[in-house]
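A, B, ... follow the sequence lines: proteins, then strands. Residue 1 opens every chain.
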Amino acid sequence: MSQDFYHPPAKKFKPGSPHSIHNWKGAMQPGPRKQPVPIEQQRRSLPIYQTRAQLIGQLRQLESAVIIGETGSGKTTQIPQYLYEASIGRQGIIGVTQPRRVAAISLATRVSEERKTELSKLVGYTVRFEDVTSEETKIKFLTDGMLLREAIGDPLLRRYSVVILDEAHERTVHTDVLFGVVKTAQKKRKELGKLPLKVIIMSATMDVDLFSQYFNGAPVLYLEGRQHPIQVFYTKQPQSDYLQAALVTVFQIHQEAPSSHDILVFLTGQEEIEAMTKTCRDIAKHLPDGCPQMTVMPLYASLAHFQQLRVFQNAPKDHRKVILSTNIAETSITITGIKYVVDTGMVKAKKYNPESGLEVLAVQRVSKAQAWQRTGRAGREDSGICYRLYTEDEFEKLEKMTIPEIQRCNLASVVLQLLVLRVPNILTFDFISKPSPDSIQSAIEQLDLLGAVERKEDQIILTPLGKKMAAFPLEPKFSKTILTSPKFHCTEEILTIVALLSVDSVLHNPPAKRDEVQASRKKFISSEGDHITLLNIHRAFKNLGKNKEWCRENFINGRNMVLVSEVRAQLRDICIKMSMPIESSRTDTRNIRQCLAHALFMNAAELQPDGTYTTVETHQPVSIHPSSVLFHCKPACVIYNELLHTSKCYMRDLCVVDADWLFEAAPEYFRRKLKSAKN
DNA sequence: GAGCACTGC
């Protein structure tokens with residue numbers, strides 16, 4: 001078997017532009033070194049150093065700028081320091097946002113080393129649960145979500161003289177909202193004659209015009225990086241089976257290339273990756289003599305941490321490392337030594353349908369930007385090769401950019417946040433990419449049902465309850481659940497349940513040990529549903545002194561359990577600040593379920609005479625997700641945390657409730673629903 | 001009747 005590829009004319013992004021200030025062509029690659037290089041010398045050897053003076057000159061003048069830098073240009077570590085060294089923005093803090101916690105922490109650590117200062121002094125970072133800054137901090141790295149939280153307390157971002165939004169091309173919901181927040185803050189501060197706010201957008205090669213236009217035609221500065229050339233191959237024919245194509249390509253490379261060349265394959269999900277891992281290992285056992293050995297490693301987010309770490313280890317001598325990964329290896333995890341990238345061109349991603357309120361998780365084609373991001377993973381240390389398992393025609397037909405997250409998610413949180421930021425009209429808010437009006441309306445309706453907003457003469461007004469809801473770092477429906485709990489005297493338990501639901505699953509389900517897992521989980525299972533079952537698990541965990549050994553024996557993810565404690569403590573602090581009474585319902589679970597029913601009445605489903613379920617809201621047929629403890633049960637009436645459409649429309653995280661409770665919670669709503677059902 | 005892309009406050 002063999003796969004036919006051809007090599008199209010070489011293509012590279014062209015950094016040449018009206019504002020291109022330097023073209024750097026990879027002449028200064030770090031060779032093998034024996035002595036550690038002094039930090040100052042390292043800084044000077046970065047490509048960006050050549051352009052330092054010019055860059056400072058331009059940034060001093062500009063109110064806003066867009067900086068396009070290839071990976072390895074050093075922009076994120078150097079530009080904040082250049083500004084500081086040139087006394088630009090010394091009156092306030094230079095804030096640099098990152099989409100991910102680890103990035104914020106490691107960048108702050110690196111820059112504080114370069115400044116030869118203790119972390120938290122001149123250079124610090126703020127992420128959830130950790131504030132490593134002080135009065136002295138002038139360069140602060142933080143997650144974009146964290147800056148957004150700060151903006152709620154201070155929409156003008158008064159403490160900041162410069163805000164740098166880094167990795168803007170990733171277009172997280174938080175970054176997208178921040179675009180609007182910093183633009184508004186900049187304008188208002190100017191109007192009020194306050195300290196000006198300098199805004200710098202840093203991004204990879206895409207989206208340039210959009211960013212520049214949004215900031216009133218801000219100049220675009222280009223920086224070249226240390227990316228090595230990558231050859232890109234396309235298939236000659238469209239592939240009907242991308243898994244088969246990936247398999248063939250991997251073994252073709254394996255038989256031809258030196259064993260030190262590692263391969264990274266982009267696939268779509270856990271199941272697919274586990275299956276492919278097994279197939280590769282089986283085939284690798286029966287390779288002809290003289291062929292190198294193969295070490296196959298799966299990589300996806302829900303994989304145990306120690307197994308994720310394996311991808312950083314070198315394979316044994318004469319073994320080739322083959323990593324089968326989800327898009328986690330596109331941005332979140334960077335693996336060194338990858339020579340070959342195999343791109344199936346597919347990704348599993350969430351889409352949101354505002355009409356049905358349904359999230360759909362589906363395998364779909366990647367965008368061009370994503371394809372280039374994957375390709376770039378092959379050229380980090382040396383030249384690389386990328387095999388795209390689709391034709392060049394197919395590539396040309398891909399969307400240019402991935403649709404920004406804000407246009408494909410439920411906006412309830414975003415709208416609540418904007419309201420608390422005192423945005424006068426959500427529908428006309430200056431989003432860099434507008435979500436559909438349907439999607440905004442649907443979010444407002446959800447918030448209305450939760451009692452977070454009121455409509456007064458076409459105006460959407462935040463209620464006192466809504467204002468309290470915005471104080472919690474949670475989805476509005478979970479904030480509402482906490483705020484409902486005092487009425488049912490079960491805040492202690494609800495805090496635990498909400499904390500458990502807002503981290504990744506604490507349940508560890510290794511596919512190979514399914515029977516063992518089921519047997520050990522039996523002792524925690526409550527016939528009242530998943531919420532109470534989770535509460536039982538947490539109780540046992542706490543009573544046994546948060547024992548790690550116990551976690552292992554019971555297939556509980558200990559790390560996530562620790563995270564639950566941190567989240568719970570944070571939520572509890574917020575309750576205390578609001579002077580909420582915090583009571584325990586002790587052994588009574590009825591109160592807890594009533595509380596859930598009252599807060600989540602719009603997420604109810606009823607058993608039909610034919611044994612299926614339909615939602616009360618839209619009469620949509622739904623099923624119980626196989627991960628639920630109620631999977632084999634048929635309670636008459638349940639509430640669920642979310643609907644997820646995969647192969648079917650599934651309810652996830654269920655709780656058995658009385659239909660009467662739902663009616664009590666929202667009599668008008670259910671009267672309306674009954675009417676519409678009859679018609 | 002049988003399943004879970006990825007972040008983050």
Side-chain angles (χ1 to χ4, degrees), chain A residues 97-104 126-131 142-153 167 170-178 266-274 299-303 325-333 344 346-351 359-364 366 370 373 402 405-406 408-409 413-414 416-417 420 469-476 478-479 499 502-505 507-509 511 514 518 563 566-567 570-571 574 610-613 621-628 630-634 642 644-653:
Chain A
T97 69
Q98 292 294 318
R100 282 168 293 281
R101 291 167 56 94
V102 271
T126 308
V127 296
R128 190 180 186 183
F129 309 127
E130 253 189 298
D131 183 6
L142 69 175
T143 44
D144 47 15
M146 207 65 216
L147 186 61
L148 207 51
R149 274 281 137 194
E150 287 187 14
I152 290 175
E167 309 285 8
E170 288 192 27
R171 304 296 303 275
T172 69
V173 180
H174 289 154
T175 315
D176 262 31
V177 177
L178 276 177
F266 283 101
L267 297 165
T268 67
Q270 171 177 348
E271 214 178 59
E272 188 176 283
I273 287 169
E274 289 295 348
L299 179 63
Y300 46 87
S302 63
L303 195 68
S325 175
T326 61
N327 43 347
I328 195 170
E330 259 171 39
T331 48
S332 305
I333 294 181
T344 56
M346 306 305 275
V347 66
K348 200 182 276 186
K350 214 177 241 184
K351 289 189 275 191
E359 291 177 329
V360 184
L361 194 58
V363 172
Q364 45 201 300
V366 297
Q370 223 172 343
Q373 178 68 28
T402 308
E405 201 185 350
I406 202 157
R408 47 189 178 86
C409 72
S413 296
V414 171
L416 185 63
Q417 241 153 9
V420 82
M469 281 166 61
F472 291 94
L474 293 170
E475 275 178 60
F478 290 139
S479 313
S502 62
V503 306
D504 287 339
S505 177
L507 309 176
H508 182 226
N509 297 312
R514 212 141 120 181
Q518 279 195 339
L563 201 59
E566 287 183 303
V567 174
Q570 188 188 26
L571 300 177
I574 296 168
D610 66 355
T612 63
Y613 284 88
V622 289
S623 309
I624 298 178
H625 195 276
S627 67
S628 172
L630 299 178
F631 184 52
H632 292 289
C633 311
K634 292 213 180 291
E642 62 170 358
L644 184 69
H645 197 114
T646 50
S647 61
K648 270 202 278 186
C649 189
Y650 287 108
M651 302 179 276
R652 286 218 291 197
D653 298 314

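Note on A:Ser647: only backbone sugar-phosphate atoms sit closer than 4.0 angstrom, heavy atoms only; bases stay farther off. Residue contacts for A:Arg149: at a heavy-atom cut-off of 4.0 Å it reaches a base atom on one of the strands shown. Within the nucleic acid shown, A:Ile328 comes within 4.0 Å of sugar-phosphate atoms alone, with no base atom in reach, counting heavy atoms only. At the heavy-atom level, A:Tyr650 lies under 4.0 Å from the strands shown only through sugar-phosphate atoms. Here A:Thr172 lies out of heavy-atom contact (under 4.0 Å) with every strand.
With sequence neighbours left out, A:Thr175 forms a side chain to side chain donor-acceptor pair (under 3.5 Å) with A:Asp144, A:Thr172. Considering only residues two or more places apart in sequence or on other chains, A:Arg408 meets the side chain to side chain donor-acceptor pair (under 3.5 Å) condition with none of them.
The side chain of A:Thr143 lies closest to B:dC9, out of B:dG1, B:dC9, B:dA5. Taking every side-chain heavy atom of A:Lys634 into account, B:dG1 is the closest of B:dC9, B:dG1, B:dC6. Taking every side-chain heavy atom of A:Arg100 into account, B:dG8 is the closest of B:dG8, B:dC9, B:dA5. The A:Ser332 side chain lies nearest to B:dT7 when the options are B:dT7, B:dG3, B:dA5. The side chain of A:His174 approaches B:dC9 more closely than any other nucleotide in the set B:dC9, B:dC6, B:dG3. In the set B:dG1, B:dT7, B:dG3, the nucleotide with an atom closest to the side chain of A:His625 is B:dG3.
Within 6.0 Å of atom CD in A:Glu566, more than 12 heavy atoms from other residues, nucleotides or ligands are found, so the atom counts as buried in its surroundings.
The distance from atom CG of A:Leu142 to atom P of B:dC9 is 10 Å, rounded to the nearest whole Å. Straight-line distance from the CE atom of A:Met651 to the P atom of B:dG1: 16 Å, rounded to whole Å.
Between the side chains of A:Gln373 and A:Thr331, no donor N or O sits under 3.5 Å from an acceptor N or O.
Along DNA chain B, the nucleotide nearest A:Pro473 and the nucleotide nearest A:Thr268 are compared for position; the residue whose nucleotide lies closer to the 5' end is A:Thr268.
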